[in-house]
Protein chains: 2
Amino acid sequence: MAVTLADVAARAGVSSATVSRVLNGNYPVAGSTRERVRRAVAELDYVVNGQARALAAASSDLVGVLVNDVADPFFGLIASALQREIAAGPGRLPGDGKLAVVCNTGGSPEAELTYLTLLERQRAAGVVLTGGAVEDRQHTAAVTARLARLAASGTRIVLCGRPPLPDAGAEITTIAFDNRGGARRLTEHLLSLGHRRIGCVAGPLERSTTRHRLEGHRAALAAYGLAPEVAAGEEFRDLPGRPVVHGGYDRSSGYDGALELLRKDPAVTAIVAANDTAALGVCAALRDRGLSVPGDVSVAGFDDLPFSVDAAPALTTVRIPLQEAGARAGRLVLGRSAPPPGAMATVATELMVRGSTAPPSGSAR
Amino acid sequence: MAVTLADVAARAGVSSATVSRVLNGNYPVAGSTRERVRRAVAELDYVVNGQARALAAASSDLVGVLVNDVADPFFGLIASALQREIAAGPGRLPGDGKLAVVCNTGGSPEAELTYLTLLERQRAAGVVLTGGAVEDRQHTAAVTARLARLAASGTRIVLCGRPPLPDAGAEITTIAFDNRGGARRLTEHLLSLGHRRIGCVAGPLERSTTRHRLEGHRAALAAYGLAPEVAAGEEFRDLPGRPVVHGGYDRSSGYDGALELLRKDPAVTAIVAANDTAALGVCAALRDRGLSVPGDVSVAGFDDLPFSVDAAPALTTVRIPLQEAGARAGRLVLGRSAPPPGAMATVATELMVRGSTAPPSGSAR
DNA sequence: CTGTTAGCGCGTTCAT
DNA sequence: ATGAACGCGCTAACAG
């Protein structure tokens with residue numbers, strides 16, 4: 001069996017309480033005693049039992065990080081920055097080191113709830129939910145209820161890259177991404193280049209990120225008099241000459257979406273993709289159709305993932321400071337930094353213009 | 001405070017032991033009693049305390065997955081497949097659902113040991129170490145010792161994408177990648193195209209993956225009479241006309257490495273990169289130098305990550321079935337599938353020839 | 001089938 | 001400054 005506190009105590013000739021005090025350093029212990037205990041710990045290769053400690057102290061050092069897709073660098077970048085931030089490191093207290101638990105929901109609402117249960121069961125110190133939320137009334141209510149309970153029991157909750165949950169109380173801090181503004185600037189960029197027939201290969205339906213990006217897109221069109229303003233909650237339908245199709249955030253969704261878009265409107269001169277990965281698929285589909293980018297069709301992505309600059313041509317996209325956001329979420333979930341006013345901060349996004357967008361071929365130069 | 005077993009028991013008018021039995025379903029309970037307990041659980045929104053359960057049952061449902069870089073899709077793909085495999089799912093027993101804890105070591109030996117301690121403290125059900133190992137005598141010994149102790153205390157250990165640890169006993173199962181064979185076939189491909197001055201922008205020094213890929217590279221050269229066989233353990237030095245530089249697995253390392261390589265030997269006609277991400281950096285550096293790929297210089301990557309096919313030109317690379325390997329590691333760490341003979345399996349790698357490699361410009365066609 | 005009784009390993013009183 | 005004793009919430013052995 002594993003070595004326990006009592007073993008160490010026996011070896012050091014003290015009581016287990018003393019060993020506990022030495023280990024946690026939160027109580028005065030005589031120097032010589034401390035030394036003896038330290039030696040015994042080393043000699044026995046003692047490692048505290050996390051569950052016993054958590055049970056007795058009613059606290060744990062686990063921080064859950066829910067992501068929609070670990071294989072997607074979007075989440076990887078957030079998670080790695082977050083993990084770096086909360087791990088024990090030089091210049092930080094040893095007990096401060098929390099263990100980030102990256103949980104892959106695959107975008108499934110059920111998996112999300114399952115993981116929240118698991119984390120509640122583990123009495124996690126904190127939970128960070130990253131990326132777009134599934135906007136289903138019932139699911140939102142279920143998540144809200146679970147998070148409220150977690151928060152009530154002392155678990156710190158942070159939302160990173162998803163909209164705030166107004167009904168959950170003020171205990172939940174939100175770091176939102178300005179997807180709407182970024183999308184708007186992106187479409188404005190295309191419009192200013194002269195594009196008028198702009199298609200969207202959007203993300204999954206009912207995902208908050210998808211909705212926000214489409215809202216920004218529509219706002220830009222509306223500003224050019226090309227689309228009616230869409231009231232909140234209203235659905236996004238195709239407009240003549242401005243088709244929209246939905247898919248996932250992966251390359252093949254982009255590929256298929258582009259083909260579908262071309263079927264709907266063969267005359268589009270620009271395509272806005274759900275994200276950079278999908279944009280690569282869009283480019284591939286266009287290439288396979290014999291269309292050049294940006295000669296025949298301009299293509300834009302979103303997120304500015306590291307590989308975007310190496311695509312052919314380099315992708316025009318919208319940069320989200322994912323690492324900064326992840327690090328900040330880490331500080332917030334530890335309580336190391338104070339929540340922003342209103343428990344909510346929006347991180348700015350930045351338009352990155354590169355080679356994949358250009359004036360439409362028929363435009364006067 | 002949180003609802004406890006006793007609360008549920010009181011509410012249902014039974015003993016806590018009965019509630020425990022209903023929850024775990026590992027003991028006969030009368031149907032009517034079970035129903036009453038179920039109702040009480042639902043009404044009270046009861047969630048078991050994981051630590052208490054783990055403490056009492058001396059087991060936990062945590063599986064640690066150590067990765068060198070969560071932001072790198074190489075690890076993301078392994079981790080997501082693994083997590084999918086070990087999570088509770090349809091057609092699996094509910095208690096079977098384990099929680100994968102993705103731990104980001106950043107390639108740091110200290111972080112690796114820290115996480116192993118943390119996982120030991122949590123009495124993890126299993127630990128999977130993925131990706132190349134740091135080949136330092138002392139560190140290897142430390143890791144081996146820790147893993148041996150973990151294994152002895154019942155934690156299942158699986159190595160995925162790193163070489164076996166011979167001294168740790170047979171309890172540790174290894175899924176190795178055939179980096180050596182893949183690298184060899186890759187360099188053979190370049191040689192057969194007519195390249196003779198081939199540079200390497202290799203991975204970090206002392207990383208097992210780096211060593212294996214370089215060994216394969218050298219083996220191919222040797223087969224063409226272009227390099228002396230290198231004895232095991234011997235260092236890799238430059239050969240005339242076949243320069244090697246070391247860096248990380250990121251894009252900027254590839255970029256810098258390519259520039260350094262060109263300084264060492266401006267006449268190289270082909271460059272083998274540490275992985276696909278670095279290869280993109282290599283291509284960018286060549287482009288910035290006014291060299292075309294593959295016109296002036298051929299470039300090859302490794303891993304065949306999803307974006308490789310969309311690079312310009314598409315990358316010739318070596319495919320590793322990362323998802324299959326991750327899923328297999330998941331099954332092994334759960335004990336759901338039997339270890340291979342010798343506790344070690346090697347997954348094959350496959351050469352993917354694409355547009356980034358071509359005969360050298362001066363070659364007779 | 002169900003209740004009672006002991007711990008699991010540790011933190012934390014309360015004494016000393 | 002140190003030790004003894006209790007309890008965290010749950011499972012498992014033993015009765016009944």
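Chain A is the first sequence line, chain B the second, and so forth, proteins listed ahead of strands; every chain is numbered from 1.
Contacts between residues 42-55 of chain A and DNA chain D, defined by a heavy-atom separation below 4.0 Å, involve A/Leu55, listed by number. A heavy atom lying under 4.0 Å from DNA chain C marks the following residues of residues 13-23 of chain A, by number: A/Ala17, A/Ser20, A/Arg21.
Between B/Arg11 and B/Glu43 there is a salt bridge, since at least one side-chain N of the basic residue sits less than 4.0 Å from a carboxylate O of the acidic one. The pair B/Glu85-B/Arg336 meets the salt-bridge criterion, since a charged nitrogen lies less than 4.0 angstrom from a carboxylate oxygen. Using a 4.0 Å cut-off between charged side-chain N and carboxylate O, B/Glu112 and B/Arg162 make a salt bridge. A/Arg149 and A/Glu120 are joined by a salt bridge, as a carboxylate oxygen and a charged side-chain nitrogen come within less than 4.0 angstrom of each other.
Protein atom OH of A/Tyr27 is 10 Å distant from nucleotide atom P of C/dC14, rounded to whole Å. A/Gln122 places its CD atom 15 Å from the P atom of D/dG9, with the value rounded to the nearest Å. One atom, CZ of A/Arg121, and another, P of D/dG9, lie 16 Å apart when rounded to the nearest Å. If you take CZ of B/Arg34 and C1' of C/dT2, they are 13 Å apart, rounded to a whole angstrom. Separating the CG atom of B/Asp7 from the C1' atom of D/dG9 is a distance of 10 Å, rounded to the nearest angstrom. Whole-Å rounding puts the B/Leu5 CG to C/dC8 P distance at 19 Å.
When only modelled atom types and interatomic distance are considered, A/Arg123 and A/Ser153 share no side-chain donor-acceptor pair under 3.5 Å. Under the 3.5 Å distance criterion, with hydrogens and angles disregarded, no donor-acceptor pair is assigned to the side chains of B/Gln122 and A/Asn49.
Using a 4.5 Å heavy-atom cutoff, the side chains of B/Leu116 and B/Leu147 are in contact. B/Leu119 places none of its side-chain heavy atoms less than 4.5 Å from the side chain of B/Val63.
Note on residues 63-72 of chain A: pairs passing side chain to side chain donor-acceptor pair (under 3.5 Å), not counting sequence neighbours, are A/Asn68-A/Thr105.
Closest-nucleotide positions on DNA chain C for B/Val29 and A/Ala56 were compared, and the one nearer the 5' end corresponds to B/Val29. For the pair B/Ala57 and B/Thr33, nearest-nucleotide mapping onto DNA chain C gives the more 5' position to B/Thr33.
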